[in-house]
Protein chains: 2
Amino acid sequence: MSKQIITISREFGSGGRLIGRRLADDLGIPYYDKELLSRISEESGFSKEMMEEAEMKAKNSFFYSLSSAFGTGDSGPDSLSLNERFFLAQFDTIRKIADEGSCVIVGRCADYVLRGIPGATNIFIYAEKGDKIKRAVEEYNVPEKDVKKVMNDTDKARANYYNYHTGRKWGDPVNYNLCIDSGYISIDNIVKLIKDYLELKNER
Amino acid sequence: MSKQIITISREFGSGGRLIGRRLADDLGIPYYDKELLSRISEESGFSKEMMEEAEMKAKNSFFYSLSSAFGTGDSGPDSLSLNERFFLAQFDTIRKIADEGSCVIVGRCADYVLRGIPGATNIFIYAEKGDKIKRAVEEYNVPEKDVKKVMNDTDKARANYYNYHTGRKWGDPVNYNLCIDSGYISIDNIVKLIKDYLELKNER
């Protein structure tokens, strides 16, 4: 198979991360999720913890926009547009990784960063609320009493972070080549379907 | 293959109708698009033209809501909730058709009408604006000078009609099992992908 860059965007509880990992294993290509943060950290000098914190700050859209535009975060005067600097570091590393060869990248606006790059395929994994809650409790071990809040906060942060930096709308089909509801088909079969898609797309 | 009810929702210019037709032919099952209107017309007594006109009226969301709620359309005093009566006639006929056996149904809120019915698979076909314009001009023979307006009006009518009657958002992935951008993969291969999906879904 020719060079394949696959980005996976996913709602919390949809199993998107697992799908990405299995797909990368099946195709025998590198997988980047937390691995991406480590690499950005190596290349930019920002700590992983700082970046993760910045991403989660986005759950409040208003303050995220404010601190991105004016650097009025809680990290002192050096934080001028820190969010923007994180995003740019991420941008550079994702581009480099895609240059190196086939890979699967989960999250972090990779679909936007790699738009227009030949061979890039953008996938969105989502599900109905009940299915996501079930998976989060049973498979991610999120306590039942917290699951709705964790799900809402995580997806809100993802959406705001994405919308702010890309000017697009997170989860809008037009950003992705293929969107799959993981509530109706098993994880293993979603991986098969994506592999079928890659073959059929390349046949064009 | 067991009973398959496939609904296809589609943006104007995405090729969704053609995909539905080929899929039905390939699977050897009935296809309903204009055929659905004829059948609703037979069963309800409404004329096809009246129904098509009612659907296109939805391009103005405000007036559509008004005429649906209060029947203040331009068809005289008999139009009391005519839009609602059209929708209910459509609802009944779609349910009957799904009861009869496997089929492909294009448009007309069929995904919503058949929600929760075992064996129903809801698909959304979309594409980037440029790809849709190209297809509309080259394949649907829409004059280039009119294409943007026709596309906007048609999709606005579809969205308003859907949103009004279902309380959902047209084109939101969560209404569909699978969403496919037709700009990156040929129509024939989309049909193959949907057939793969049906097999993989049933394996569950």
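Per chain, numbering begins at 1; letters A, B, ... match sequence-line order. If you're wondering where the values come from, they're calculated on a predicted model, not measured in any experiment.
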Are more than 12 heavy atoms, taken from residues, nucleotides or ligands other than B/Lys3, located less than 6.0 Å from that residue's NZ atom? yes
Does A/Glu100 have more than 12 heavy atoms from other residues, nucleotides or ligands lying within 6.0 Å of its CD? yes
Which answer fits B/Tyr126, side chain, backbone, both or neither, if we ask what part of it has an atom under 4.5 Å from a heavy atom of chain A? side chain
What are the residues of residues 129-143 of chain B, in order of number, with any heavy atom under 4.5 angstrom from a heavy atom of chain A? none
Roughly how far, to the nearest 0.5 Å, is the CG atom of B/Asp196 from the NZ atom of A/Lys195? 12.5 Å
Nearest 0.5 Å please: distance from the CG atom of A/Asp181 over to the NZ atom of B/Lys201. 9.5 Å
Who wins among B/Leu193, B/Ile190, B/Asp188 for the most heavy-atom pairs under 4.5 Å with chain A? B/Leu193
What one should report as the nearest heavy-atom pair of A/Leu200 and B/Asn189 is O-ND2, 2.9 Å
Inter-chain contacts: residues 167-178 of chain A against chain B, heavy atoms under 4.5 Å: A/Gly171, A/Pro173, A/Val174, A/Tyr176, A/Asn177, A/Leu178
Could you tell me whether the side chain of A/Tyr184 reaches within less than 4.5 Å of the side chain of B/Tyr197, counting heavy atoms only? yes
